[in-house]
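Just below is one structure, and these are the notes that go with it.
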Amino acid sequence: MDKYLDNLNESQREAVVHKDGPMIIIAGAGSGKTRVLTYRIAHLMNKGVDAFNILSLTFTNKAAREMKERIGTVVGTSEAKNLWMGTFHSVFARILRSEGHHLGFPSNFTIYDSQDSVRLISSIIKEMGLDKEIYKSKQVLGRISSFKNSLITVKAYYNNPDLIEADKMAQRPKMGEIYQRYVDRCFKAGSMDFDDLLLRTNQLLSQYPAVLAKYQDRFRYILVDEYQDTNHSQYLIVKALSDRFQNICVVGDDSQSIYAFRGANIQNILNFQKNYDNVKIFKLEQNYRSSNNIVEAANSVIEKNKTKLDKEVWTDNNDGERVKIMRTITEVKEAEFVANSILDHVKENEISLSDVAILYRTNSQTRAIEDVFRHRNYNIDYVIYGGLSFYQRKEIKDTLAYLRLLINPNDEEALKRVINYPLRGIGSSTVDKLSVAANHYNKSIFEIICNLGATDINLNAGVKTKLNNFATMIQHFKIEAETKNAFEVADFVVKQTRIIKDLEKDGTPEGVSKVENIQELLNAIKNFTVEQKEKGEDDSLAFFLEDAALASDLDKEAKDDSPKVSLMTIHMSKGLEYSYVYIIGLEENLFPSAMSMNTRSELEEERRLFYVALTRAEKQAYLCYAQMRYRWGKLVDCEPSRFIQEIDEKFVEHIAPQVTEFKQTKFLNDDIFGSVPQNKIRFKKPIQRTPTNKKPVPKVEFQAPKNLKKVTSKPTTASANLFDSKVTVGNIVEHTKFGKGEVLSLEGSAANQKAEIRFASVGVKKLLLQFAKLKIIS
DNA sequence: ATCCATTAGTTTTTT
DNA sequence: ACTAATGGAT
């Protein structure tokens, strides 16, 4: 019966079979954490625990789905079905649907995403007549979000002189009032933002003992995955729910805590033993995922962090290849290297593109990769996870706003999106008037529109008719929604509102792609209804909307199953593994990010991020950095990331070609990327940190490659003597290839000085002065 | 109310 | 470099 236990090593088995009481599983990267969690749940069920009494909180909904499936194979699918698994947000959203009425929320409350929240904050700031330069809506929202994550309600804020003082010092004395208004407006709109889903759950559990008792009794065994990334609000929920039975099992790895920026508190995992009594500790230290070189390389870096729990990750696996480090001139060369390397591996090792991932610090780094992969020379299929997610596109949000509105007409942000989309002659001044009236009568805008006669609102007859038509339309949709499933409603709404017809009319490529996206949304809704029906679950529109609001980008399913290279941020890659991993953009100020180098703890988080990235790899990891990169539209010099040299050199291999291998082919090309700034070429090794330097930057050696000597040593009027730039803006210059042109602007200095020149023959070009064959004419 | 030109933010990560 | 938001003109 317990045969599945044979698939576990000793420490894994201990963690699986230990039944009651608080326990923490400290699970190193690749140590079979998911396996332990799934087996543990299956084991509990085999030992007689009802699936109904188990709550398992995961980091993504995808993880929950997969885990449920795996448990189903052990204990039977029908049993596994009763398990409650999901993210904090989705689990407690569902509880709030049935219990939120205690707090005055309707069961059909809508969920505001960050964009909705920012828009609401902006309108509040505007209404209050505050300076939007001082009260930046995103910053204000960030502050409110951190209040909520720490369970500081408006009342608690006003009772805390320190917070008030801090906001005064920051020239934002009205913070409390904005916070108050924001909470009121969300409440009135029957909506919750992401933080509310946790904060309101806490309020529910602390203010309504009967509700608390009900869920304490229901969730007799609670498991929390990725515990290192829980915030204070989540900690308190778990603490409250597990208080009666104390059967709380948390799993995590402090070395992989990477969400402090959104309130995650690494102290939750570090202090677990203090927060619960009689904690049993389990450690999973054997890595099954990666080669020894990768494990040791990762260990040697994470060692530099001071804040961490005591553990030693090791592996029985082969040494494998060393971690390869590649330097390129530019981000395009970096992308080309990655493309070539992937194609080589596909050919030589017969791997599939789906065995490969490219990881990066920021979403903007995908551009170069995409350009190169799409180029006919390479033609590599790829899929990007994250970035501007599908559900954040304007046309999708607009379409969804209609659906949100007919579920919950009080949803103010949804209403504002669609009241004049497609254009129906209800402009911003009308909306402003309605908004003022709504605040005055303490009603939602929709309620005001439905009762225009009962207000003293000053609108002319034409506008009133338009508003009435709009309200009638929404109410009409609402009635349709009562008898139709999610897809039928959405299809009906799209047709009635003529959203697609409108977009087709403009005929631009953007319009076409928007239409396609809306079609895709309809397909997704169709799929959703079919799948839910098959599973015998809720296929209503309301449920689809909740799914859409809380879906992570990993949840999206592949359109076709042809193998593709996966592109994603390192954050998104947590928990995933790939045979071949390319980490790109390993440069100071990019990774570690320039925003995260001010404090030790920020830098340590960046280092953990690097640790996460490296430990995704099973067979082979490549670390790439470029010497120049476009950032904010400008070409900037880059230094290799400190993380590269923090790896013990026993485990790495520098594979950038020797300088003599550089070919002098494209130097006179007008394409900046084709040219090699010869005095910037860095040589592999001697990378040493200067200990006295406050911001330690790896030092690199400069040396001119021999085959470029001619160019550098032959100062002719054409090239090198312009190096220190005698060119000034306004000069008329002559280029060997482009002819005469006027210098429009200069940027950068020394080796990287570039000029923007308008040539009579080819228009405006940006040239690196040290290569451009320029002669100053006047 | 709508259109077009200018401006601001973006590139740190996301439920 | 690119996009979305803003603001003035019509």
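Basis for what follows: all heavy atoms, side chains included, without hydrogens, waters or symmetry-related copies. We name chains A, B, ... by the order of the sequence lines, and we start the count at 1 in each one.
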Open item on the list: So A:Phe591, base contact, sugar-phosphate only, or nothing? Heavy-atom distance under 4.0 Å.
Closed with: nothing
Task: Minimum-distance nucleotide (side-chain atoms of A:Ser114 versus C:dA5, B:dT14, B:dT15) - done: B:dT15
Task: Presence of salt bridge, A:Asp229 and A:Lys574, under 4.0 angstrom - done: yes
Show me the protein contacts with nucleotides 3-12 of chain B, counting only N or O atoms at under 3.5 Å.
unit_1	atom_1	unit_2	atom_2	d
B:dG9	OP1	A:Lys136	NZ	3.4
B:dT12	O2	A:Arg361	NH1	3.4
B:dT12	O2	A:Arg361	NH2	2.2

Open item on the list: I need the CD-P distance between A:Glu605 and B:dT13, as an integer number of Å.
Closed with: 13 Å
Open item on the list: Categorize A:Ile426 for me: base, sugar-phosphate, or nothing, with a 4.0 angstrom heavy-atom threshold over every strand shown.
Closed with: sugar-phosphate
Task: salt_bridge(A:Arg404, A:Glu413) N-O dist < 4.0 Å - done: no
Open item on the list: Output the rounded distance in Å from CG (A:Asp371) to C1' (C:dC2).
Closed with: 13 Å
Task: Side-chain ion pair, A:Asp398 and A:Arg417, N-O less than 4.0 Å - done: yes
Task: A:Phe59 CZ to B:dT13 P, straight-line distance once rounded to whole Å - done: 15 Å
- [ ] Quickly work out the A:Arg119 CZ to C:dA5 C1' distance and round it to whole Å.
- [x] 10 Å
TODO: Please work out if A:Asn420 contacts a base, only the sugar-phosphate, or nothing of the nucleic acid, heavy-atom cut-off 4.0 Å.
DONE: sugar-phosphate
- [ ] For A:Glu334, check salt bridge (charged side-chain N to carboxylate O under 4.0 Å, His left out) against everything at least two apart and list the hits.
- [x] A:Arg629
Open item on the list: Please verify the inter-ring angle class for A:Tyr259 with A:Phe59; under 30° counts as parallel, over 60° as perpendicular, anything in between as tilted.
Closed with: tilted
TODO: Spell out, as yes or no, whether a donor-acceptor pair under 3.5 Å connects the side chain of A:Glu587 to the backbone of A:Ala626.
DONE: yes
Task: Integer-rounded Å distance: B:dT15 C1' and A:Ile237 CD1 - done: 13 Å
- [ ] Give the C-alpha distance, both sets of side-chain angles, the deciding distance and a yes or no for ring-ring contact (aromatic ring centres under 6.0 Å, His included) between A:Tyr182 and A:Tyr112.
- [x] CA-CA 12 Å; A:Tyr182 176 72; A:Tyr112 276 0; 7.7 Å; no
Task: Of the listed nucleotides B:dT13, C:dA5, B:dT15, the one nearest the side chain of A:Phe194 - done: B:dT15
Task: Length of the CE-C1' vector between A:Met568 and B:dT14, whole Å - done: 15 Å
TODO: Nearest whole angstrom, please: distance from the C1' of B:dT14 to the CD of A:Glu226.
DONE: 14 Å
Open item on the list: Let me spell it out: for each of A:Ser428 and A:Ala549, pick the nucleotide of DNA chain B with the closest heavy atom. Which residue's pick is nearer the 5' end?
Closed with: A:Ser428
- [ ] Specify the separation, in whole Å, of atom CG of A:Leu603 and atom C1' of B:dT13.
- [x] 15 Å
